[in-house]
Amino acid sequence: MFEEYNDYRKTIRDFALKEFTDGVAAKYDRDEEYPDDLRKKSLSLGIIDMQNPAKILIAIEELCRIDAGLGISVTTPYFGAEVLMLFGNDEQREFLNDVYSGKYILGLGVTEPSGGSDVAHIKTTATKKGDKYILNGSKMFITNGAIADYLVVLARTSNEEKPHHGLSTFLLNTKLNGFKANKLEGKLGVRATNTAELTFNNIELSKDDLIGEEGKGFYYIMTFFNISRIYVAAQALGIAEGAFDKILNYVKSNEIKDENTMFGIADISTRIEASKELTYNAASYLFKFEPRPQLTSMAKAYAGETAVYSSEKAMEILGVNSLNENVERIFRNAKIMEIWEGTSDVEKLIISRFILKGE
Ligand SMILES: Cc1cc2nc3c(=O)[nH]c(=O)nc-3n(C[C@H](O)[C@H](O)[C@H](O)COP(=O)(O)OP(=O)(O)OC[C@H]3O[C@@H](n4cnc5c(N)ncnc54)[C@H](O)[C@@H]3O)c2cc1C
C-alpha cells in the first residue's frame, strides 16, 4: 500500500539519515531542546506536505524510524490543524496557510491536570460575557505548549446534563494577557519535543475565536483524534522499525545465530508487518473520507504496543551495546505511543464498543 509514494519515502529517509544523526538526536534529547533549526530546514526543503495526508503518514513513519524525538518535533507544528480545517470558518481556514508555511506553530490543549482520558469532564471554562468569552483553567502535557503561537483549546461553555454537550473549541493566541506556559522537563522520552503545563487566567477571547458551533467541541476533538491516531500509529510503526533496524544490524555484524534471537527476529518482524497492514489499511479508509474508528484504534493500540515490544527486545538483544548504539533512546521514546491521544486501554474500549455494535 502507498507504493506510489516510494520515491517520496526515499527523499524523507535520506533527509532523516543526513540530519538526524545519532549525535544530533542525542544532543537534543540530552538538552531537552526543541529542534527549531531542523523544523525550518524541513520546511525550506518542502518535504512536509500538509495538503497530502498520505505523504504526512509516510514522513512521520520514516522520520520516527531514525529518531522519534526529532521526527515528532518537525511534524507536530501543525498539531490541531484538522480541527480548524474541518470545523473552522473561512478566516480560520485561511489562517492555516500561515501554519503550513511555518510562520506560526500550533498546538492542541485538551488534557488537564486531573486527567486526559476523561475528556467530557474537563474543568477549563470559557464564560460568555457580552460578545467575549473569559477563559480560565489549566492544561497539562501540551505538545508545543511553550513555543506555540496559537493553540486549539477545549473549554466548558455551559453545564449540561450530559457534560460533553457543554464543551467548545477556541483558537487561542498565546500572546494574550493571562496566558502562561511552564515548560516541563525530565520526560522519559521524546525529549526534543516541547511539552508544557498551561494556565489561563481571565484570558479575554473574542467570539471570533470560537471554532465552529458552541457545544460541539467534544465531537470536534473526537473527530480530530480519529485522524491524529493514524499519525500516532505511524510514529509507533517508525519507532518499531527503527529498533528492528538496530537489531538486524547488530545480529548480522556479530553473526549471532542462537535460536532465541532467531525467534525474536521472527516475532518482531511479524508484529511490525501486522502493525503496518493495520495502520495503512485504517489510513486508506480515512483518506477516502470513510473513517473506520475501530480500525484506527486497532492500529494505534497495536502499533503502540509493537513499538514498546520491539524497542525492549532491541535492549535485550544488544545488551550493554544498546547504550552506545543509541537504542536506549528508542526504548524511552516508545512508551508514549501507548499513552497519548488515547491510552491503549481507551483504544481497546473504543474497539470493543464498535465490535459489539456490529460495525
Ligand atoms: C509528552 C506528552 C505530550 C502530550 N501532548 C498532549 C497534547 O499536545 N495535547 C493534549 O491535550 N494532551 C497531551 N498529552 C496528554 C495525553 O494525551 C494524556 O497523557 C493521555 O490522554 C492519557 O491521559 P492521562 O495521562 O491523564 O491518564 P488518565 O486519563 O488519568 O489515565 C490513567 C490510566 O487510567 C486508564 N483509564 C482512564 N480512563 C479509563 C477508562 N474509562 N477505562 C479504563 N481505563 C481507563 C488509562 O488507560 C491509564 O492507564 C501529552 C502527554 C505527554 C506525556
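Whatever order the structure lists them in is the order used to number ligands and atoms, beginning at 1. Bear in mind the structure is a predicted one, so any value in this text is a computation, not a measurement.
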For this session: Could you find the nearest protein heavy atom to atom 26 (O) of ligand 1 and give me its residue, atom name and distance?
Result: G116 N, 2.7 Å
Problem set entry | Identity and separation of the nearest protein heavy atom to atom 13 (C) of ligand 1 | F141 O, 2.9 Å
Exercise. Parallel, tilted or perpendicular: which describes the rings of F2 and Y5, with under 30° parallel and over 60° perpendicular?
Worked result: tilted
Problem set entry | Option passing side-chain contact (heavy atoms from CB on, under 4.5 Å) with I72 (candidates W340, Y231, F79) | W340
Exercise. In terms of residue, atom name and distance, what is the protein heavy atom nearest to atom 53 (C) of ligand 1?
Worked result: I336 CD1, 3.3 Å
Problem set entry | Protein residue, atom and distance nearest to atom 8 (O) of ligand 1, heavy-atom basis | T143 N, 2.9 Å
For this session: Report the nearest protein non-hydrogen atom to atom 30 (O) of ligand 1: residue, atom name, distance rounded to 0.1 Å.
Result: G115 CA, 4.2 Å
Problem set entry | Sub-3.5 Å N/O-N/O distance, D345 and ligand 1 | yes
For this session: Using a 4.0 Å heavy-atom cut-off, say whether T111 meets ligand 1 through its side chain, its backbone, both or neither.
Result: both
Exercise. Do other residues, nucleotides or ligands put more than 12 heavy atoms under 6.0 Å from K187 NZ?
Worked result: yes
Exercise. Closest non-hydrogen protein atom to atom 19 (O) of ligand 1, residue and atom name please, with distance?
Worked result: I339 CG2, 3.6 Å
Exercise. Do ligand 1 and W340 have nitrogen or oxygen atoms that lie under 3.5 Å from each other?
Worked result: no
Exercise. Just distances here: any N/O of F79 and N/O of ligand 1 closer than 3.5 Å?
Worked result: no
Seminar exercise, completed: Ranked by distance from atom 41 (N) of ligand 1, the top protein heavy atom is L349 CD1, 3.9 Å
Exercise. Which value, rounded to the nearest 0.5 Å, describes the distance between I268 atom CD1 and K313 atom NZ?
Worked result: 7.0 Å
Exercise. Cationic tip of R39 within the cone over Y34's six-membered ring, i.e. under 6.0 Å and within 45° of the normal?
Worked result: no
Problem set entry | Derivation and outcome, side-chain contact (heavy atoms from CB on, under 4.5 Å), residues I203 and N177 | CA-CA 6 Å; I203 301 180; N177 285 336; over 6 Å; no
Exercise. Does CG belonging to N6 count more than 12 external heavy atoms closer than 6.0 Å?
Worked result: yes
Problem set entry | Under-4.0 Å heavy-atom contact with ligand 1, by part of K139 that carries it | neither
For this session: Take atom CD of E185 as the centre, draw a 6.0 Å sphere, and report whether it contains more than 12 heavy atoms from other residues, nucleotides or ligands.
Result: yes
For this session: May I ask you to check if ligand 1 and V110 share an N or O to N or O distance below 3.5 Å?
Result: yes
Exercise. Do S117 and ligand 1 have an N or O pair less than 3.5 Å apart?
Worked result: yes
Problem set entry | Per-atom contacts, ligand 1 versus E341 - under 4.0 Å to a heavy atom | 17 (O)
Exercise. Are any of the protein's heavy atoms under 4.0 angstrom from atom 32 (C) of ligand 1, yes or no?
Worked result: no
Exercise. Between E214 and S168, do the side chains contain an N or O donor and an N or O acceptor separated by less than 3.5 Å?
Worked result: no
Problem set entry | Sub-4.0 Å protein heavy atom next to atom 39 (C) of ligand 1 | no
Exercise. Salt-bridged, E62 to R13, with N to O below 4.0 Å?
Worked result: yes
For this session: For the pair Y100 and Y78, name the ring-plane relationship: parallel under 30°, tilted 30 to 60°, perpendicular over 60°.
Result: tilted
For this session: Would you confirm whether any non-hydrogen atom of the protein falls under 4.0 Å from atom 4 (C) of ligand 1?
Result: yes
Seminar exercise, completed: Residue, atom and distance of the protein heavy atom nearest atom 48 (C) of ligand 1 read T343 CG2, 4.0 Å
For this session: Would you mind running through ligand 1 and noting each atom that sits below 4.0 Å from a heavy atom of K187?
Result: 1 (C)
For this session: Take I47 and I12 through the side-chain contact (heavy atoms from CB on, under 4.5 Å) test and state the conclusion after the steps.
Result: CA-CA 7 Å; I47 60 167; I12 294 287; 3.8 Å; yes
Exercise. How about E197 and S138: does a side-chain donor come under 3.5 Å of a side-chain acceptor?
Worked result: no
For this session: Run the numbers for me: atoms of ligand 1, each under 4.0 Å from some heavy atom of I142, listed by number.
Result: 7 (C), 8 (O), 9 (N), 10 (C), 11 (O)
